[in-house]
Amino acid sequence: MTDIQALLPWFVAAWLFGVGLYAIVTSRNFVHLIGCLSVLQSSTYVLLLGIGYRNGGIAPIFVDHPPTTPAVDPVLQALVLTDVVVGATVTALLLALVLQVHKQRGTLDPDKLRPMQR
Amino acid sequence: MIAALPAIPVAGALAAAALLLVFGKLLPGRAPDVVAVLVAVAVTMICAMMTVHAADAPLTYWFGGWSSHGGQVIGIRFVVDQAGGAIATLVGVLFVATLVFAWGFFGETHAHFHVLMLLFMAGMVGFCLTHDLFNMFVWFELMSVAAFALTGYHLRPSALEGAMNFTVVNTIGSYLLLSGIALIYAEIGALDLSALGAGVARMPGNPVVGAAFVLLSSGFLIKGAQVPFHFWLSDAHAVAPSPVSVIFSGAMVAIGIFGVARLIFTIFAPDPAVLHVVSTLLQGMGVASTIVGAIMALTQRHLKRMLAFSTISHVGIMLIGLALLSRGGVAGMLAYFAGHGLVKGALFMVAGILLATQAGIDEIGLRGMGKPIWPAGVAMGLAGLLLAGLPVGAMRGGSDLIEAAARDAGRPWLIAVLMFGAAGTGAAVLRAAGRIFLGLGPVAGEEESAPTEAERENANRPLWLMLAPTIVLLALVLPFGGAPAGFGWQAAERFMHPDGVDVSAVAMPAPAAAWHAWASVAIALGFAAVQLFRHRLPRWLTQGAGAASQPVTAPLAVLHSGLVGDYVAWLVVGLALFTACFALG
C-alpha cells in the first residue's frame with residue numbers, strides 16, 4: 001500500500017471533523033445542525049475503521065479460515081458498532097427535542113431560540 | 001467478600017432501571033419512588049463498603065473471567081480504589097437525597113423519571129470504577145444521554161433549548177473522546193488503563209500520544225465545564241428540573257475533572273510533555289474558570305443560573321488542585337469534590353423549594369417571599385457561608401490542602417484566586433439569601449421587571465419532605481472535621497500511583513494560614529452587604545463601582561449568548577489552545 005493510501009483515512013477523518021464543526025458553527029436550522037453532527041460523527045467511523053484496517057486481511061470471522069489468517073482488528077469494529085449506537089441514540093433524542101421545540105416555538109433558527117433571553 | 005462485588009452496584013442499577021421500565025405502568029402510586037430510593041441506598045452502601053475495603057488494596061473484578069493472556073490484557077476490569085469508590089459513594093448519597101427530594105415530583109410518569117435517574121447513576125458509578133478506557137467512554141455516554149433526556153424532561157421551551165445546547169456541545173465532546181481513544185489505541189494497541197500507561201512509558205514525547213491526550217482531556221473538560229468549554233452548563237443547569245440540577249452540579253460536572261485526573265495518573269504520567277501541558281494550560285483554564293464563574297455568578301438574578309456559574313467556579317478550583325500534580329493538590333481536589341457536591345446539591349434543593357412553594361426563581365421577584373419558609377433560608381445562608389470558605393467541613397479541608405500545595409509548589413498567587421472564587425460565589429448566594437429570606441435590598445427602576453420566563457415546579461410535596469434531604473446533605477458536610485481531608489490525603493497516593501506499592505506515610509502539610517478562611521468569608525459577607533444596602537451608600541460610591549465593573553461584566557454577559565454555534569466556536573478555540581500549548585511547550 002502506498003503512503004497516500006495509508007494516509008487517506010486520516011485526511012478524510014480530519015476533513016469530515018473540520019467540515020462538521022464549521023457547519024455546526026454556522027448552521028441556521030436545528031435539523032440541519034443535527035445532520036452536521038452526524039457528518040462530524042462519521043469522521044470517527046472513518047478514523048476507527050482506518051486504524052483497524054489490515055492490508056489483505058479478512059473480516060475477523062474465522063469459521064472458514066485458519067486462525068492465523070491475517071484479519072482486520074475486531075476491537076475497532078466493536079468500537080465502531082458502539083459508536084453507531086451512540087450516534088443513533090443522540091440523533092433520535094435531538095430530533096425528538098427539535099420536534100417539541102418546533103411545536104412550541106414555531107421556528108428552528110438557533111438565533112431565535114435562546115434558552116435564557118435577557 | 002463476593003468476588004463480583006464491584007460489578008453489583010452498576011449491574012443492579014441497570015437491572016432495576018430495565019425492570020422499572022417494563023413494569024412501571026403496573027406498579028401502584030409511589031412504588032417506583034420506593035424502588036428507586038432503595039436501589040440508590042443499596043448502591044451507596046456497597047460503594048461505601050468497597051471504599052473501606054480498598055484501604056488495604058484495590059478490589060479488582062475481571063468481567064467474564066477474561067483477564068490476561070501471555071502478558072497481554074484481553075479483558076475489561078473494574079478496579080475500585082479509595083478515590084473511585086469514595087466518589088461513587090458520594091454519587092450514591094446525592095441520588096438517595098435527590099430521589100427523596102423528588103418524591104412524587106413528577107406525578108404519574110410511568111416511572112420514566114426513575115428509569116432515567118437509575119441509568120444516570122449507573123453511568124456515573126461505572127465511570128468511577130472502571131479500569132478500561134473504552135469502557136469509561138461507554139459509561140460516560142450512558143451518563144450523558146440520561147442527562148440530556150432529563151434536562152428537557154419538562155418539555156418547556158427554555159428547557160428544550162437548554163437541553164439542545166447541552167446535547168450538541170457534549171456530543172461533540174464525546175466524539176473528541178472517541179477520536180482520542182482511537183489515536184492512543186492505534187499507537188499502543190491496548191485499552192486497559194494500566195496497559196496504556198505501560199505503553200506511554202515506552203514512548204515518552206510521542207506526538208500521537210500527545211494528540212490523544214488533547215482529544216481525551218478536551219472531551220472530559222467539556223463535561224467539566226471549564227473555560228472556554230463551559231458555555232453549555234449555565235443553560236442546562238438553569239432549566240433542568242431542580243432534582244436533576246442537584247445531580248448535575250453536585251456530581252456530573254466534577255466527574256469530568258475526575259476523568260481527566262484518572263487519565264493523567266494511569267496513562268499519561270510518564271510523558272513529560274503532557275505533564276507540562278497539565279501544569280500550565282489546565283492550571284490556566286482552572287484559574288480562568290474560577291474567576292469567570294465567580295464574576296458571572298455575581299451578575300445573575302436567576303437563582304439556578306447563578307448557582308450554575310458558581311459550579312463552574314468551584315470546579316475550576318478542583319482543576320487548579322489537579323494541575324498542581326502533587327499529592328496535596330490531588331487530595332484537595334478529592335475532598336473539595338465531596339464538600340462542593342454536598343453543598344451545591346443542598347443549594348439546588350433550596351432553589352427547588354422556592355420554585356415549588358413560592359412559584360419563582362428570580363432573586364428580585366422573590367424578595368421577602370421566603371419568610372414563611374425560613375428554615376430553607378437558614379440552610380441557604382449556611383451553604384453560602386460554606387461556599388465562601390467557612391473553616392469547617394470537607395470544602396474547607398479541600399481548599400486548605402490545595403492552598404498548601406500551591407504554596408509548596410511556589411505558586412502562592414493561586415491562593416488569591418481560590419479566595420476570589422470562594423468569596424465571589426459565596427457573596428452571590430448570601431446576597432440572594434438576604435434578599436429572598438430577609439427582604440433586604442429594595443429595588444427600583446428597571447430591575448422590577450423580571451426578564452426570565454415565569455417558572456414554577458409542582459407544589460405537591462410537603463415542605464419537610466423537601467427540607468429533610470437538604471439538611472441531611474449539609475449535615476454530611478459539617479461534622480467530620482479534618483476527616484475528609486485526611487481521607488483524601490490517603491486516597492490520593494494510590495490514585496496517583498495505581499501500580500505502585502508505596503503508600504507512604506508522609507504527614508499532611510499544614511494549612512497555608514487560618515486567616516485565609518475568615519478573610520474570604522468576610523469578603524463574601526461584605527460584598528453581599530454592599531449589594532443589599534446599596535441604597536444607603538453614597539451615590540458616587542455605587543455609581544463608581546458600577547462604572548468600574550461594567551467593562552468586565554458587560555462583555556462576559558455578551559459572550560454567554562445562548563447560541564450553540566458560538567459555543568462550538570469557543571470549543572474550537574479551546575482545542576486550538578491545547579494544540580498551541582503542545583507545539584510551544
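Quantities reported herein were computed from a predicted structural model and do not represent experimental measurements. Chain naming here is simple, since letters A, B, ... match the order of the sequence lines and numbering starts at 1 in each.
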Whatever's closer than 4.5 Å to a heavy atom in chain B on A/Leu76 counts as side chain
Candidate list B/Phe166, B/Phe248, B/Trp570, test ring-ring contact (aromatic ring centres under 6.0 Å, His included), partner B/Trp232, passing option
B/Phe166
Scored by heavy-atom pairs under 4.5 Å with chain B, the best of A/Asp73, A/Ile34, A/Leu33 is A/Asp73
Engaged part of B/Tyr175 at the chain A interface, taking heavy atoms whose separation is under 4.5 Å:
both
Test of ring centre spacing under 6.0 Å for B/Phe140 and B/Phe137:
no
Please flag which part of B/Val145 lies under 4.5 Å from any non-hydrogen atom of chain A: side chain, backbone, both or neither.
both
Report which part of A/Leu37 has an atom under 4.5 Å of a heavy atom belonging to chain B: side chain, backbone, both, or neither.
both
Under 4.5 Å heavy-atom distance to chain B, tell me which part of A/Tyr22 shows up: side chain, backbone, both or neither.
neither
Output the distance between atom CG (A/Leu47) and atom CG (A/Leu16), rounded to the nearest 0.5 Å.
10.5 Å
Intermediate values then yes/no, side-chain contact (heavy atoms from CB on, under 4.5 Å), B/Leu178 and B/Ser174:
CA-CA 6 Å; B/Leu178 197 59; B/Ser174 301; over 6 Å; no
Chain B heavy atoms under 4.5 Å from A/Thr89: which part of the residue, side chain, backbone, both or neither?
side chain
Once rounded to the nearest 0.5 Å, what's the spacing between atom OG of B/Ser218 and atom CD1 of B/Ile172?
12.0 Å
By side-chain contact (heavy atoms from CB on, under 4.5 Å), B/Ser67 pairs with (sequence neighbours left out) B/Trp62
With a 4.5 angstrom heavy-atom cut-off, which part of A/Val98 approaches chain B: side chain, backbone, both or neither?
both
In terms of heavy-atom proximity below 4.5 Å to chain A, should B/Leu191 be classed as side chain, backbone, both, or neither?
side chain
Name the residue from A/Val25, A/Leu40, A/Thr26 that meets the side-chain contact (heavy atoms from CB on, under 4.5 Å) definition with B/Val568.
A/Val25
Measure B/Phe148 against the heavy atoms of chain A and call it side chain, backbone, both or neither at under 4.5 Å.
both
Pick whichever of A/Lys103, A/Arg28, A/Gln100 has the most heavy-atom pairs under 4.5 Å with chain B.
A/Gln100
Which atoms of B/Thr171 come close to chain A, meaning under 4.5 Å heavy atom to heavy atom: side chain ones, backbone ones, both, or neither?
side chain
Heavy-atom proximity to chain B below 4.5 Å, by part of A/Ile24:
both
Donor on one side chain, acceptor on other, B/Ser144 and B/Asn170, under 3.5 Å
no
Where does A/Gln104 contact chain B at under 4.5 Å (heavy atoms): side chain, backbone, both or neither?
side chain
Flag side-chain contact, heavy atom, 4.5 Å: B/His237 against B/Leu307:
no
